[in-house]
Every structure is written in structure tokens, then in C-alpha cells.
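Reading through the C-alpha cells given below for one structure.
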Amino acid sequence: MGLWDRIQGEFIDIIEWLDDSRDTIVWRFPRFQNEIKMGAQLVVRESQTAVFVNEGQVADVFTPGTHTLTTQNLPILSTLKGWKYGFESPWKAEVYFVNTRQFTDLKWGTQNPVLLRDAEFGMVRLRAFGAYTLRVADPQQLLRELVGTDPQFRTEEVSEFIRQLIVGHLGSALATAQVPVLDLAARQLEIGQRLAPVLTAELAGYGIEIPKFVIENISLPPEVEEAIDKRTSMGVVGNLDAYTRFQTANAIEDAANNTGGAGEGFGFGIGMAAGQRMANAAAGGAPPAGPPPLPQQDQWFAGIGGAQQGPFDVAGLGAQIRGGTVTRETLVWHNGMAQWTPAGQVPELGALFAAVPPPLPPQA
């Protein structure tokens, strides 16, 4: 510090902070050798708190307002200094301004995917990102636990720590929510509202709280997204017959607007085809297409000899039951069941066990 700063420090009796950084949480007021004159004016603005630290120990805390620094309104510092009477000479103390407003648009994201068990897709790896807001709830605790002697404590110094906490709690939050993967987008807001108080409780020991937590997106692995896209496409063209009739009607209208010979011939051909289809529909017949595919049978798995065996169709599983390999106590599972279940407790298999004769009585 130069000579002018030292001289200026002798005359400045106003202690205040105007924040223009938008990301500073704590700022230490600079004074030459930390000297403050008795009777100096302390200006604490809204969304600020001023904390006096003497010889490494947190002393008095001032809320928004203009304060004249005397021994009367510095009770803790007066006790630490041992001032019994008025004291007019400069005294040393560090003044930390703590920004208590909400810091918004702080980002978070998962560097590695979070593993989740889904009832429909099985084990799924999810990635997520979003934003959150941060606010100082206890300035003294923040100074003790995180700031220390840092003259300018910024959000970037604590954001990585908070991101790690978020990722650590995200997996359990998604699992306990018990939301299917396909419904996560509709429940993102609800899950974020659950996570905010959990993170606030985790950060209470550091004097920080999370008023708002937002999940912007939850993404699935490419192979799962591809499977969902295929299922969506099948749903869109599910009624292929209706789609074909719609296309035919549009073609007839376009041909009718074309007065040329080719257009008339095309329209005549299309009309004949449409008429044939309408005749088939009126007669209760189906369009001349191939037979529908055979219905897909359930594929069963069984725990035999401590290992998973299968898949079996119903007939194959019945053969295992008749041969005594699968009993009523054998664990079985097929797609749609929540967990492995003894075969005797599965209603679908009751008929198979009914066809198996009971064991022979002991012979004399």
C-alpha cells in the first residue's frame, strides 16, 4: 500500500461495500493495518451483513443499516479488547461483508452417469444437468468453515463442492421417487423440489442453504433413446390400413385436378383399387394381405440348481414341471413380473401343476 493509501486511511471514516461482481459471497474491507477509528460510520446495505473479526475470532455482527462504531454497539469486541471506558484511538479489526442475497443460475451436471433400476428397461444409466440458487444462511458459520482469511470468497470456490453433493444425492432421489424412466420428464420439477431441502440440510454446517433446485434435463443412453424412438414410430404408423386410405384419397384428389390423359388413367386405376378395398370392407373381408404374425408367447426363466435357466415357453416350462425339474418352490420370472417368485404362487402356472400327479404313497 502506497503513501497516499496510508494517508487516505487516516481520514476515511466510512466502512461500506458496493458489490459490482455479481459472484462475490464474502469481501474483506481493506484498511491500512486494519485500523478503524472509534466513531466511524458502518454502512450495511440490504442483502448484506457485516462481521467484525478480532485476532482470528468472530466478534460483532451488524445487520442492514448505518451504524456508528462505539464501545456501546461493539459489546463483544469491547469485551475482547477489555475496554472499560470510552476509547477514541484507532483500533484493529477485520471487517467482512457477507452477501446474503440469492446467487442464481449456478449450474450443475453429472460427469458420469447415474445407475438406476427401471421396471420397464431394467438397469439404465442416466445423465442430468440443471441449475440451483445459493444463499448464505449463517454468516458466522460460513466464515469459520469455508472463508477463513480469504479476502474475496466467490461462488466458484464452493460450486464444485456443491456439485459433488448434488450428484451424491441425485441417485437416491431418483430411486426413492419410484418414477418410470419414461415419466421422468413430467416429474423433474417435483424431484427438484425434494432435493432442495435435502441439500440445505447437508450444507447447514457451512452456513449455506439451497432455496431453489432445478433439473433441466435427464438424458438416457443412446441405445435406450433409439428403442424409445422405434416404439414411437410403431405407434404413429400403428393403423397402417387407415394411413393407406388417407394417402389414396389424397392421390385421387390430386389426379382429379390433373385433366391430362395420364392423370385420368392414374385416377381411374386408383379409383378401381379404392373401390375394391371398399367392397372388401363392406363384405366384412380383410384386404388381401398376408396372415398376421403369431402372438408372442411369454418367455419364462427358472432358477434351477442355483443358476438361471431358460428362456422356456409355456410348453417348455410344463415339460420341466412334469419332469420334476421345476417344482412349486422353484423361483420363476418373466417380463412384467416385479421379482422372482416361487412357481406355485404364480397364477398362470396353476394349470401346469394341476396336470402333475401327486407323489405315490409309500409302498408296503
Side-chain angles (χ1 to χ4, degrees), residues 113-127 171-172 174-187 218-244 280 284-364:
V114 176
L115 194 61
L116 180 68
R117 185 189 301 274
D118 184 71
E120 185 170 359
F121 296 101
M123 303 302 294
V124 180
R125 292 176 288 110
L126 301 177
R127 293 182 182 272
S172 61
L174 293 175
T176 55
Q178 298 181 347
V179 179
V181 167
L182 295 180
D183 297 333
L184 281 176
R187 304 284 293 275
I218 299 177
S219 60
L220 299 169
E223 58 272 17
V224 178
E225 292 182 350
E226 182 179 354
I228 294 175
D229 291 341
K230 288 182 179 180
R231 180 178 297 181
T232 303
S233 300
M234 293 174 61
V236 171
V237 298
N239 193 341
L240 189 59
D241 185 62
Y243 178 75
T244 303
N280 290 336
L294 291 173
Q296 183 68 31
Q297 295 187 2
D298 287 337
Q299 300 295 307
W300 292 83
F301 296 85
I304 302 174
Q308 174 181 309
Q309 302 290 334
F312 305 104
D313 56 14
V314 175
L317 190 63
Q320 297 291 328
I321 293 175
R322 290 191 297 274
T325 306
V326 175
T327 66
R328 292 179 179 272
E329 288 73 28
T330 303
L331 295 177
V332 296
W333 180 90
H334 73 82
N335 188 24
M337 294 177 61
Q339 59 187 359
W340 290 81
T341 306
Q345 300 180 15
V346 179
E348 297 97 308
L349 304 181
L352 299 180
F353 283 105
V356 177
L360 290 171
Q363 302 296 319

[Y] side chain reached by [X] side chain, heavy atoms, under 4.5 Å:
X      : Y      : result
Glu329 : Pro342 : no
Glu348 : His334 : yes
Leu126 : Leu220 : yes
Phe301 : Phe312 : no

| field | Interatomic spacing from CG in Leu184 to CD1 in Ile218 - rounded to 0.5 Å | value | 4.5 Å

| request: State the CD-CG distance between Gln299 and Asp313, to the nearest 0.5 angstrom. | output: 6.5 Å

| task | Kindly indicate, with the supporting measurements, whether the criterion side-chain contact (heavy atoms from CB on, under 4.5 Å) is fulfilled by Gln320 and Gln309. | result | CA-CA 11 Å; Gln320 297 291 328; Gln309 302 290 334; over 6 Å; no

| task | Using atom types as modelled and distance alone, determine if a side-chain donor or acceptor of Thr341 lies under 3.5 Å from a backbone N or O of Gln339. | result | yes

| Between Ile321 and Phe353, does a side-chain contact (heavy atoms from CB on, under 4.5 Å) hold up when you go through it step by step? | CA-CA 7 Å; Ile321 293 175; Phe353 283 105; 3.8 Å; yes

| field | Worked check of side-chain contact (heavy atoms from CB on, under 4.5 Å) between Met123 and Leu115 | value | CA-CA 7 Å; Met123 303 302 294; Leu115 194 61; 3.6 Å; yes

| query | Which atom pair, heavy atoms only, marks the closest approach of Thr330 to Gly303? | reply | CG2-O, 3.4 Å

| query | Under the criterion side-chain contact (heavy atoms from CB on, under 4.5 Å), which of Leu349, Leu317, Leu331, Leu352 is the partner of Val326? | reply | Leu317

